[in-house]
*Asks:* 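Please read through the structure below; I'll follow up with questions.
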Amino acid sequence: MESLETLNPQQRSAVESTEGPLLVLAGAGSGKTRVITVRIAQLIATEQVPAHNILAVTFTNKAAGEMRERVSRLLDEHRLQSAPLITTFHSLCVRILRRDIEHLEAGYTKSFTIYDTDDSVKVIKNCLKEIGYDDKSMTPRRLLGIISAAKNAGETAEQIAAGVRYTDQMRAVVAKVFRMYEQRLRTANALDFDDLLIKTVRLLGKSSDVRRHYNERYRYILVDEYQDTNSLQLSLIKYLTELSQNICVVGDDAQSIYGFRGADVGNILSFEEHYPSAKVIMLEQNYRSTQNILTAADSIIKRNKGRKDKTLWTANQSGERILYAQLPDSDGEARFVADEIDGILRREPSTRIAVLYRTNAQSRLFEEALRRIRVDYNMVGGFSFYERAEVKDIIAYLKLAMNPTDDVALMRVINTPARGLGKTSIDAIQGIALSRSSSMWEAILQATAPGGDPSTLSSRAVGALVRFRMTVEKLSSLMFTSSDSDRPVSNIVISAIEDSGYAAMLRSENTDESASRLENLQELVNAATDYDNDGPDGLRNFIDHAALTSDTDKFDRNASVTLMTVHAAKGLEFPVVFIVGLEDGIFPHSRSLNDERELEEERRLAYVAITRAENRLYITHSMRRRIYGEEIPAEPSQFLNELPIELIDDRSQGMSWLSAGGGGGASRGSVAPRLPERRPAPRPVGKTYDSPDAIRDFFSGRSTGSRDSESRIRKTSEDPDSDPSGIKPGSTVEHPRYGKGLVLKREGSGDGAKLTVSFPGHGHKKLMEKFANLKVIK
DNA sequence: AAGTAAATTTTTTTT
DNA sequence: AAATTTACTT
């Protein structure tokens, strides 16, 4: 394969050592992803391994997607009958459990629901309410953290209760809620994020048949970011590789930043104990960063004690020094960063720049500063699309129709839109459910059964419940009557939006807010169209996707400015990087100041941040910061002390911590006054398309004739001209958010009509005509 | 039961 | 400062 020649000897050896266990210790920027992808391609193209026998596991959908793309590019000319499975740990587990969970334990079925953290918190809140425990020091969130840690460690409620970490009373509460929580998930046929791994490992441990099946299926397994695996993920891998032992793990102990989630660096450090015949390859040449950036990163990480000694080196030039600025307050910091970005983009408009911060809460100031000077940015993380209330509401309807015992989903939508089912009625239903130890849905069935006992519910409430029940049952029957094959996922989603009365509720509100919510639901329908051709599992897959996909995954690699947390930046690289908020209590975070192990993790985090930079690195901090709406003085981060002073170029206005006492020797760079002139219009981000007119020219030039004949043929049922809106291919329309666009394609008719529209600056969008709120221009 | 006003809490990082 | 939760009114 030609790409082999471009690899260095170590990389090449990592690609070619295809049989047996292999540990690749890959330093930052050493071509790790390249090695994994070429290795997969090599297995398929050269070693003739059938693609479906290969499994590559990552932690994020972002990483999996990127890997998938790069592998398919490498294998471009090969016609493959199957594809390698490249996926995340959690998706892999869902896949295994959807097939075999019924072999594990009674109670759980294939149609189980996934509870995200939010859902879990609600369950815990409910448990606390039921036992009447109200203590501000034990929030549902914290309790979930404790339970989650216990579950991951394989501890039972009794073991937790015996632990010495809490007071006697608290121990009893933790144990009790733990048991209740697990029980409720079971009655709801629901699995939380931890369960996905736990149950899968337990299933593999219990059934040798299931184990054999996956061992035979996946004969070559690769794991990315191995330093972030926890003990369950290790067990999973060990089970899956029992037979072949063809396991290749890639990682860097210096980049282990998920200890708080149970990741155990020990897994990578002791790989050779788990796989005694393992071959070890070190990738130590960095191709990404300048020598100065690498030196800075090294000077931080070398303060850590527990680490494997690696010497990362580069043939790159020393490059510029590290740009440093101390600002008087956090607004000033944001303004400084925005102005620097503006300057860089004026000189070189296509530069990719990242602003990295420790916590999501820091993002707002940078967003505002960039917006003020009209620089477009792309923010990763923060509020996820799938976390919006309206999106979660509709997903809850779908989940409920799929699995009516899902109490969390039921609670979410039972009175949304309002049906007159308030606290009293809901309490009554919960009471019935509790007394029969059933789900709330079964309680509703009981309460609405004809001739059922006249329970605690008012007749008005019973009426509302009957209507609610019919709504859900109708949706259910839409999903499960697979008799007519044409039941696309998007139509079911539309049905959930319409038949629940949700759309009517939003339309009648008639505010900017409700309009934007409708637009978000339109986006949800758009997202669902991706699953329309997935067959009978389409809806299931769509719902799973919504549960397992965070916004961290929608990183636009072409955007010029990206805002994100350091965690989200792992695995990415940028010519210019700003690391902001280098203050004590922020970075390193206050919660890790008293614990040496956690402080070392913060240091690794700083290492990850620095090594994202290719050519230019900025480090900033401010002397005052608002926290909870209160201005408090901020101290410079201890990590600043750990940077080599001679590599720092101090750009602070006036005195800085560095020039005062931190360094003394650092020289001052000149501070050029900023130009007041501003860019007139925002720079478009991502794909840019031509004007509507240019697209129209292109479009009409190619297909005017066929369009005419097509519209003549379809005269009877689906004639676009007969549609009251008159929107057809070639029409120009106006969308509230995307502006003017050209209609390229129209599919379906009536309520299901889908339009493909090209909006300059926004690319092609698939819209449901019904929701899109389009104005026809010509 | 639903809407409004007041009180309380929030920020670590994420699948 | 903002968002969520609770308390209070109609």
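The figures here come from the full heavy-atom set of this structure, side chains too, leaving out hydrogens, waters and symmetry mates. Chain A is the first sequence line, chain B the second, and so forth, proteins listed ahead of strands; every chain is numbered from 1.
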*Asks:* Do Tyr386(A) and His545(A) have ring centroids that are under 6.0 Å from one another?
*Replies:* yes

*Asks:* For Thr424(A), report the nucleic acid contact type (base, sugar-phosphate, nothing); a contact means any heavy atom under 4.0 Å.
*Replies:* sugar-phosphate

*Asks:* Would you please confirm or rule out a distance under 4.0 Å between OP1 or OP2 of dT15(B) and any side-chain N or O of Lys62(A)?
*Replies:* no

*Asks:* Round to the nearest Å and state the distance from Arg261(A) atom CZ to dT14(B) atom P.
*Replies:* 9 Å

*Asks:* Collect all protein-nucleotide pairs involving nucleotides 10-12 of chain B in which both atoms are nitrogen or oxygen and the distance is under 3.5 Å.
*Replies:*
residue: dT12(B); atom: OP1; partner: Arg591(A); partner atom: NH1; Å: 3.1
residue: dT12(B); atom: OP1; partner: Arg591(A); partner atom: NH2; Å: 3.0
residue: dT12(B); atom: OP2; partner: Arg591(A); partner atom: NH1; Å: 2.9
residue: dT12(B); atom: O4'; partner: His589(A); partner atom: NE2; Å: 3.2
residue: dT12(B); atom: O2; partner: Arg358(A); partner atom: NH1; Å: 3.0
residue: dT12(B); atom: O2; partner: Arg358(A); partner atom: NH2; Å: 2.1

*Asks:* Do Gln255(A) and Tyr607(A) get their side chains close enough for a donor-acceptor pair, meaning under 3.5 Å?
*Replies:* no

*Asks:* Roughly how many Å is it from CG in Asp331(A) to P in dA1(C), rounded to a whole number?
*Replies:* 11 Å

*Asks:* Could you tell me how far apart Leu421(A) (CG) and dA1(B) (C1') are, to the nearest whole angstrom?
*Replies:* 10 Å

*Asks:* Quick one: is dA2(B) close enough that its OP1 or OP2 comes under 4.0 Å of any side-chain N or O from Asn415(A)?
*Replies:* yes

*Asks:* Side-chain polar contacts of residues 459-469 of chain A - donor-acceptor pairs under 3.5 angstrom, sequence neighbours left out - could you list them?
*Replies:*
residue: Arg469(A); atom: NE; partner: Glu473(A); partner atom: OE2; Å: 3.1
residue: Arg469(A); atom: NH1; partner: Thr448(A); partner atom: OG1; Å: 2.8

*Asks:* Would you classify Asp194(A) as touching base, sugar-phosphate or nothing, given that sugar-phosphate means primed atoms plus P, OP1 and OP2, and contacts are heavy atoms under 4.0 Å?
*Replies:* nothing

*Asks:* So, is Thr60(A) near the phosphate of dT14(B), with a side-chain N or O under 4.0 Å from OP1 or OP2?
*Replies:* no

